[in-house]
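Let me begin by presenting the structure, written as structure tokens, before commenting on it.
Values below: all heavy atoms of this structure, side chains included; hydrogens, waters and symmetry mates excluded.
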Amino acid sequence: MEGSPIPVLTVPTAPYEDQRPTGGGGLRRPTGLFEGQRNYLPNFIQSVLSSIDLRDRQGCTMVVGSDGRYFSRTATEIVVQMAAANGIGRLIIGQNGILSTPAVSCIIRKIKAAGGIILTASHCPGGPGGEFGVKFNVANGGPAPDVVSDKIYQISKTIEEYAICPDLRIDLSRLGRQEFDLENKFKPFRVEIVDPVDIYLNLLRTIFDFNAIRSLLTGPGQLKIRVDAMHGVMGPYVRKVLCDELGAPANSAINCVPLEDFGGQHPDPNLTYATTLLEAMKGGEYGFGAAFDADGDRYMILGQNGFFVSPSDSLAIIAANLSCIPYFRQMGVRGFGRSMPTSTALDRVAKSMKVPVYETPAGWRFFSNLMDSGRCSLCGEESFGTGSDHLREKDGLWAVLVWLSIIAARKQSVEEIVRDHWAKFGRHYYCRFDYEGLEPKATYYIMRDLEVLVTDKSFIGQQFAVGSHVYSVAKTDSFEYVDPVDGTVTKKQGLRIIFSDASRLIFRLSSSSGVRATIRLYAESYERDPSGHDQEPQAVLSPLIAIALKISQIHERTGRRGPTVIT
């Protein structure tokens, strides 16, 4: 600390009407909006900070991290300047501003911080023409619950000024403590730049048998792996954990340098976008493949020859094999959670283990209450996210280490493990069809009309014949969730059609970018007979899709010939 105290300024501003967090305290918009609209980012940061009660905010510690996308460094500087001006006492920031979403959750819980701000737009593209986002995690390390998101939004609609220390400058590259004297502040403001991996790695060491994984990756007949960080935040984690700590060869890890535009790619770990990994796995050289999204909370698993493990299957297989993980052998298994659109494969495992399953709306924040109350040990979503009660976020690298632990314990390949699971529990054929970039008003009317149709009592019992298949409607609803912990009711979370053979169709509206809307269509069909386990999912599900298109008229009403993405 040198020189005169840094001034704290109050800057007049005017509210924006579109700063409602879309869930979990997150605001995701085109980067140009954050970069070009006057005070757009400061307004939202001030709304987040003001949502923390003044008594809790003064002198508290918060965590700040980013996935390294374009505009992150500028935004990090603004967050630091505003945190100082708003009375935050200490910030923990990853070196060069980098921290994965799971690592932020980990550090919040480890040091008992008041919360954290994560600069990420998850799996969306980066760069000046991409997207940017701000996400607020609360003191339990998880995404902000809806009551906090609502408070942030209400503040954003009436904001008149924000506080900032524009002359405060930090060195994000230098590990260690930096302190600053501020005007009218009794204590210095402190920033601690930390290694982005170390604290999180220490937690992983307490969960897994690293020796067993190391033997798998380095011993006789070692498993050759290929892991794609997709130029997002996970590069340093993959190198330090899988290569340096667990012995995987350095060339096992690809695209490990975080880039502002993710190398011009879409950092989304699925078969549509992780094509570099998929092609490498199809060659047969590698026995295990994985990819991560930009901020490290989503993942994809591939076996030799490109064998794809669907996220819903991955969740169910992890659940069935938790005894392979020392953490769960010690802690036990209390229950499972899944989002409503996720396949019911998990439910069959839970029934065999005699543990409850909690079916929630999409969004990780709904799992936090369940885990905090001790009801839930493992949770997952069909959108490539899985995690446990070690954190309050989904955790891609944790899921990969679970898979490597299962392979080490069972001494089977990825495909053998999946096929054994299907033989025991049956196979759930499952697909998600995304109609992206739609006009919000059009999607509202499509979903409104569809709800009127499927929730009418006369819809129950209707039969739909498609080829040789006849489907009879057994149940329909507009999904609503009553939190078993605090009784909070969340309504209109998707339309469900459940048929008499347990097949499901689900329609859900998603508007995470806040500018355009997405309708997601989910189809699920169960096959118990092992002789039917080798079919293509889209072929099996085509009769259900035909029914969905007929009743929704989505192609006719949007002018689309098909979905944007199929997963």
Side-chain angles (χ1 to χ4, degrees), residues 22 26-37 40-41 44-45 64-79 93-104 117-135 172-173 196-197 226-240 253-280 289-300 383-385 396-397 434 436-437 512-516 518 564-565 567:
T22 53
L27 182 70
R28 191 182 303 169
R29 296 287 185 269
T31 306
L33 198 60
F34 280 100
E35 198 173 22
Q37 289 275 37
Y40 195 83
L41 177 64
F44 189 70
I45 297 300
V64 178
S66 82
D67 62 13
R69 70 180 57 231
Y70 177 79
F71 192 60
S72 289
R73 279 186 173 269
T74 300
T76 299
E77 189 170 82
I78 291 171
V79 169
I93 307 176
Q95 188 176 26
N96 298 314
I98 293 290
L99 275 178
S100 73
T101 291
V104 170
I117 293 175
I118 311 171
L119 304 172
T120 179
S122 188
H123 54 288
C124 295
E131 296 205 6
F132 190 80
V134 182
K135 185 169 177 282
L172 288 173
S173 66
V197 185
R226 191 77 160 174
V227 180
D228 189 349
M230 301 189 82
H231 288 303
V233 77
M234 289 305 292
Y237 295 83
V238 169
R239 289 202 180 282
K240 196 160 191 175
I254 60 173
N255 298 325
C256 283
V257 177
L259 298 176
E260 288 190 336
D261 66 347
F262 310 115
Q265 303 301 310
H266 205 122
D268 197 354
N270 58 42
L271 296 177
T272 300
Y273 296 115
T275 52
T276 301
L277 176 67
L278 179 61
E279 290 307 310
F292 302 103
D293 74 337
D295 65 321
D297 58 357
R298 300 170 195 250
Y299 71 104
M300 177 178 71
S383 53
F384 295 83
L397 185 52
D434 291 354
E436 298 177 324
S512 57
S513 74
V515 180
R516 307 293 284 180
T518 297
T564 319
V565 180
T567 53

Contact between Asp67 and Leu119 at the side-chain level, heavy atoms closer than 4.5 Å - yes or no? no
State, with a plain yes or no, whether a side-chain heavy atom of Pro258 is found less than 4.5 Å away from one of Val233. no
Hey, could you give me the CD/CZ distance between Glu260 and Arg69, rounded to the nearest 0.5 Å? 11.0 Å
Would you find a donor on one side and an acceptor on the other, under 3.5 Å apart, between the side chain of Gln95 and the backbone of Ser173? yes
Check whether any side-chain heavy atom of Leu259 lies under 4.5 Å from a side-chain heavy atom of Val257, and answer yes or no. yes
Check step by step if side chain to side chain contact (heavy atoms under 4.5 Å, CB included) holds for Ile118 and Leu99. CA-CA 8 Å; Ile118 311 171; Leu99 275 178; over 6 Å; no
Nearest 0.5 Å, please: how far is CZ in Phe292 from SG in Cys256? 9.0 Å
Hey, what do you get for OG (Ser100) to CE (Met234), rounding to the nearest 0.5 Å? 5.5 Å
Any idea how Tyr40 and Phe34 line up, ring-wise: parallel (<30°), tilted (30 to 60°), or perpendicular (>60°)? perpendicular
At their closest point, which heavy atom of Gly235 faces which heavy atom of Ala229, and how far apart are they? N-CB, 3.6 Å
Just by modelled atom types, is the Asp293 backbone N or O under 3.5 Å from a matching donor or acceptor in the Tyr299 side chain? no
Output yes when a side-chain donor or acceptor of Ser66 lies under 3.5 Å from a complementary backbone atom of Ser72, and no otherwise. no
Indicate yes or no: at least one non-hydrogen side-chain atom of Gln265 is less than 4.5 angstrom from one of Thr276. no
Just wondering, do Tyr70 and Pro128 contact through their side chains at under 4.5 Å, heavy atoms? yes
Spacing of OG1 belonging to Thr272 relative to NE2 belonging to His266, to within rounding of 0.5 Å: 9.5 Å
Decide yes or no for Val227 and Ile254: does some side-chain heavy atom of the first lie under 4.5 Å from some side-chain heavy atom of the second? no
Distance in Å, Ile98 CD1 paired with Arg73 CZ, rounded so as to fall on 0.5 Å steps: 8.0 Å
What verdict does the ring-ring contact (aromatic ring centres under 6.0 Å, His included) test give for His231 and Phe262, after you've listed the backbone C-alpha separation in whole Å, the side-chain angles of each residue and the deciding distance to 0.1 Å? CA-CA 5 Å; His231 288 303; Phe262 310 115; 8.6 Å; no
Minimum heavy-atom distance between Ala291 and Pro269, given as atom pair plus value: O-CB, 3.6 Å
Would a 4.5 Å heavy-atom cut-off, applied to side chains only, mark Leu27 and Thr22 as touching? no
Is there a side chain to side chain contact (heavy atoms under 4.5 Å, CB included) between Met300 and Leu277? Walk through the geometry before answering. CA-CA 10 Å; Met300 177 178 71; Leu277 176 67; 4.2 Å; yes
Minimum heavy-atom separation for Thr101 and Lys135, please, with both atom names. CG2-NZ, 4.2 Å
Nearest 0.5 Å, please: how far is CG in Asn270 from NE2 in His123? 8.5 Å
Could you tell me if the side chain of Ser122 sits less than 4.5 Å from the side chain of Asp295, heavy atoms only? yes
